[in-house]
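Indexing begins at 1, ligand by ligand and atom by atom, following the structure's order.
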Amino acid sequence: MRTAILTDPLDFDGWRTAARAFRLAGVEPAQARFVVGSGQAALFENGGPSFEKDGAFTAPRAFLETAKDLIQHRSEDRFDLMYRLLWRLRDQPDLMAVLSDPDVAEAADRMKAVRRAAHKMKAFVRFRQTEDSQGEHWVAWFEPAHRVLRTTAPFFARRFSTMRWTILTPDGTATWDGGLMRFGPAADRSQAPAEDEMEAFWRTYYASTFNPARLKLKAMRSEMPKRYWKNLPEAALIPELTAAAAVRTDAMVSQPAPQPNARFQRARAPLVDRAATDDLVPETLADLARGVQGCRRCPLWRDATQGVCGAGGQAAELMVVGEQPGDREDLAGQPFVGPAGQLLDQAMVEAGLDRDALYLTNAVKHFKHEPRGKRRLHKTPNAGEVQACRWWLDHERRLVKPRLILALGATAGLAVLGRKVAVQTERGAVMTQADGTRVLLTVHPSYLLRLPDAEARTRERALFVRDLRAAIHAV
Ligand code: URA
């Protein structure tokens, strides 16, 4: 028996070096053993195998791809299976294509399990907000079915590129500081922070996307396997919601027409599907907010964290419409909480406008962006996306019935007035639409943030505050 000692359960390079040496030396699979050591340097027990000459060989790409997935499987004998395949490839170079072969089939099954674990990790990691000396730090505890942390962490770096976060798992930790990924030793659950308000968000989100008429416990358990429940804040709702499902389903069936909340939510929706919302009429802002979370009226939902609805009361007399949520709003689920929102807040205070008294929303409810390095760069929504999302804005207008709408910038102007606007020439004056709605147009606060020189910024800011005051007088 020949033994190779690997440095850790994911030591692919160590395995490859050892497997290559074994194969060149003619060590049969039954005689090869791979164990994970505890930090020693030597790869081979009792010295390495000796070979006559370095008779090079190349493993097919299909095998290497499979082996990289397989090594993440938790089974003890995964290294043996990998070596058996490598050994057999010598006489059967096309082995990996023989799907009926028991070794190949076994490898395919385990590979599928690993990919599924990675998929579940992407879906079920839940960050909690913490604070350290450098500011906000998001931390998640997760127990993956297989050792997929290293291969899945880059997904989170792309997805939450501007945040500082750490994922703790029993296999190791991944930390992203906004530019660099570091992997550390295994963690335990006690290192994860306790509950915060994000938990409440996940519970609300899950309750709103739960459709009792579609409840299929078996399918649900397979989509959200029980092993993940203990770390999912929203899973606490499952017994309650499933118990209530029959009652809710009966109630839904007996209703004369489909209700918005039930129809808005679809388990597997296509990229764009307007028909599903076309005939629905949200009765409250809460209905509408739930509907936005399931919206497929344009493809922007796909790359956003969540839909961001308006904030404020239904009785507000002034509705302020921005363009679309930015990076911060997309993560927080609230409009105008990032830099443009801070500028807007300050200008509103200066103008004497109370943010709590108005209804603040956006023309487009999902964050449109493109990745640029570690950042998610804002992209202006196009006319088609604005038009698709007007469906929600029009319902907000119907429900809130504001005395005045203040449109911030060209996108808001397009959405509210239904035509292209020239912001600088049309700003500051109340325009009355055919249906009687009064609209006042001004610049978007990001325009002020982008101005390069201080003098222009001061001047434009004063004009912006002037327009906000005009809105107060017009209400
Ligand atoms: N810009 C907007 O138009 N809306 C927001 O919510 C944030 C930034």
| request: Could you list the atoms of ligand 1 found under 4.0 angstrom from a heavy atom of H444? | output: 1 (N), 2 (C), 3 (O)
| remark: Of all protein heavy atoms, the one nearest atom 4 (N) of ligand 1 is N362 OD1, 2.7 Å
| task | Report the residues that fulfil side chain to side chain contact (heavy atoms under 4.5 Å, CB included) with D8, sequence neighbours left out, ordered by chain and then residue number. | result | L10, D11
| task | Measure from the ring center of Y447 to the ring center of F464 and say whether it is less than 6.0 Å. | result | no
| message | Geometry only, no angles: is G326 polar-contacting ligand 1 at N/O separations under 3.5 Å? | response | no
| said: For a quick check under 3.5 Å, do R398 and H395 share a side-chain donor-acceptor pair by atom type? | reply: yes
| said: Under a 4.0 angstrom heavy-atom cut-off, which atoms of ligand 1 come close to P335? | reply: 6 (O)
| field | Close side-chain approach of H378 and D327, heavy atoms under 4.5 Å | value | no
| query | Under 4.0 Å between a Lys/Arg side-chain N and an Asp/Glu carboxylate O for K368 and E385? | reply | yes
| task | Verify whether the ring centers belonging to H146 and H73 lie closer than 6.0 Å. | result | yes
| Measuring from the heavy atoms of Q334, does anything fall under 4.0 Å of ligand 1? | no
| By number and element, which atoms of ligand 1 are closer than 4.0 Å to a non-hydrogen atom of G322? | 3 (O)
| said: Taking distance alone, with N or O pairs closer than 3.5 Å, would you say S446 contacts ligand 1? | reply: no
| task | Using heavy-atom distances, let me know which of E323, R328, Q324 sits nearest atom 8 (C) of ligand 1. | result | Q324
